[in-house]
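Nothing fancy with the numbering, it's 1 onward along the sequence. Computed from heavy atoms alone, side chains included, the values below leave out hydrogens, waters and symmetry copies. Values in this document were obtained by computation on a predicted structure and should not be read as measured data.
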Amino acid sequence: MALRDIYLDEISQWDHAQYLKEGLVLAENTNNAAEHPHPVRTNFIVMAFCEEGHAQYTINTRKLHVNPGDLFFISERHVVDDTEASTDFKCQYILVSTKFYHGFVQNVQNVSSLLLFSRNNPVVALTQEEIAVFQSYYNLIWQKMENHEHHFRTDLVKALLLAMFYDLSNVIWRVGKMQSGKSRRGDTIFENFIRLVEENYRTERRVSWYAEQLGISGKYLSEVIKHVSQRTPNQWIDDYVVLEIRVQLKNTTKSVREIAQELRFANQSFLGKYFKEHVGISPTEFRKR
């Protein structure tokens, strides 16, 4: 059967779902997730907690199993197939668009830490304390999303998601301590590339430069990154640059001209065109909003 793309708008129609049009869905114990007998490609990030029952699925042909107490991740643009779940499967889902995610994270380190962790640890067994923390956040975010009369509903939900992320970072730290550090060559190249981008995106946007630092050809780097992440190196670099511009516009008083100079754009006009191409509005409009 042909591969089908799935979007948040469709997920928002699931049973027992809360939807924030800016790019967030919370969904509870729903069999909708197991009703995809054919492969689908996600156009959002998935973080979910299994409360009861069990399930299995494949991500890009990698078979994974989920049991009670497991937190599992699915990155954007990854292919999910062969989904099976027990009749008592009960799960809490947080599904977020990349754009919305970039809207509440505070810096690029937040992006890469969760990205790299979820790639190497798509399923993680939580401790009892971590389970209680995750479910507390989930229930509170659900309550705030239900309150459509709250004037600051979206901002409040973003703040809660950010707080949850920092608690999740503690899980990343705990699991990271127990791992041996072994990984496949493709994963290693991807991780090294992301860390290089994180350190140098302010001054370097050329894929050839990153390939040179890694000691491989630009063509090979592009092939590996595309295979591992379903995205091109340029897309990753652009994500980091756009996120930095958003953070600067939102959290500093620097002028667009100053930001352009800091990020090595030829001039303010070039930065404006670049930002509008990726975000849909000008830096000035973004700052006003």
Side-chain angles (χ1 to χ4, degrees), residues 45 75-77 97-120 162 165-166 169 172 176 183 185-289:
I45 299 165
S75 297
E76 182 191 38
R77 303 299 293 168
S97 70
T98 300
K99 182 178 179 180
F100 189 79
Y101 176 56
H102 286 177
F104 71 80
V105 295
Q106 296 295 297
N107 54 56
V108 295
Q109 285 76 21
N110 293 163
V111 175
S112 61
S113 61
L114 181 59
L115 166 71
L116 298 177
F117 177 77
S118 62
R119 270 209 52 75
N120 295 323
L162 180 61
F165 174 85
Y166 282 116
S169 295
I172 294 174
S183 61
R185 175 163 171 75
D187 290 334
T188 300
I189 290 175
F190 177 68
E191 291 176 17
N192 290 338
F193 167 72
I194 290 297
R195 297 200 189 284
L196 268 177
V197 173
E198 182 180 305
E199 294 167 3
N200 298 281
Y201 70 91
R202 292 178 182 85
T203 56
E204 282 294 343
R205 290 190 284 276
R206 295 173 297 136
V207 174
S208 59
W209 184 88
Y210 289 96
E212 184 179 342
Q213 304 309 304
L214 293 169
I216 57 180
S217 71
K219 181 180 179 182
Y220 182 60
L221 175 61
S222 296
E223 289 174 350
V224 170
I225 301 304
K226 180 73 173 180
H227 175 73
V228 170
S229 70
Q230 317 306 310
R231 307 180 79 208
T232 68
N234 275 320
Q235 287 175 313
W236 283 115
I237 296 167
D238 286 340
D239 270 1
Y240 276 82
V241 176
V242 171
L243 174 60
E244 179 66 21
I245 298 171
R246 290 167 63 104
V247 170
Q248 296 265 19
L249 290 170
K250 182 179 178 181
N251 300 317
T252 76
T253 58
K254 293 177 185 177
S255 67
V256 176
R257 182 170 175 271
E258 289 174 317
I259 297 171
Q261 290 175 337
E262 186 176 319
L263 296 178
R264 305 288 179 87
F265 281 88
N267 52 50
Q268 177 178 332
S269 177
F270 273 94
L271 182 144
K273 291 177 181 177
Y274 178 89
F275 188 80
K276 189 167 185 177
E277 178 185 342
H278 290 88
V279 180
I281 58 175
S282 71
T284 303
E285 289 175 300
F286 178 84
R287 176 166 269 172
K288 285 180 179 178
R289 292 187 183 186

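- Rounding to the nearest 0.5 Å places NE2 of H227 at 12.0 Å from CZ of F190.
- Here the closest heavy-atom approach between residue V207 and residue S222 is recorded as CG1-OG, 4.1 Å.
- If you take CG on N192 and CD on Q213, they are separated by 12.0 Å, rounding to the nearest 0.5 Å.
- Within a 6.0 Å radius of CZ in R257, no more than 12 heavy atoms belonging to other residues, nucleotides or ligands are found.
- Distance NZ/K250 to CZ/R287: 12.5 Å, rounded to 0.5 Å.
- Atom NZ in K99 sits 12.5 Å away from atom CD in E76 (nearest 0.5 Å).
- To the nearest 0.5 angstrom, D238 atom CG is 7.5 Å from T232 atom OG1.
- Judged by distance alone, the side chain of R264 and the main-chain N or O of T203 form no donor-acceptor pair under 3.5 Å.
- Counting heavy atoms from C-beta outward, E262 and Q248 have side chains that approach closer than 4.5 Å.
- Using a 4.5 Å cut-off on side-chain heavy atoms (C-beta onward), Y201 and L243 make no contact.
- In this structure, the side chains of I245 and H278 stay at 4.5 Å or more apart for every pair of heavy atoms.
- Using cut-offs of 30° and 60° for the angle between ring planes, the F193 and Y210 rings count as perpendicular.
- The OH atom of Y220 sits 8.5 Å away from the OG atom of S217 when rounded to the nearest 0.5 Å.
- R205 approaches Y274 most closely through the heavy-atom pair CD-OH, 4.4 Å.
- Residues E198 and R202 approach most closely at O-NH1, 4.3 Å, considering heavy atoms.
- Each of I259, V256, T284, L249 was checked for a side chain to side chain contact (heavy atoms under 4.5 Å, CB included) with F275, and the lone residue meeting it is L249.
- You'll find the side chain of K273 stays beyond 4.5 Å of the side chain of F265, heavy atoms only.
- When all heavy atoms of G186 and V224 are compared, the closest pair comes out as O-CG1, 3.7 Å.
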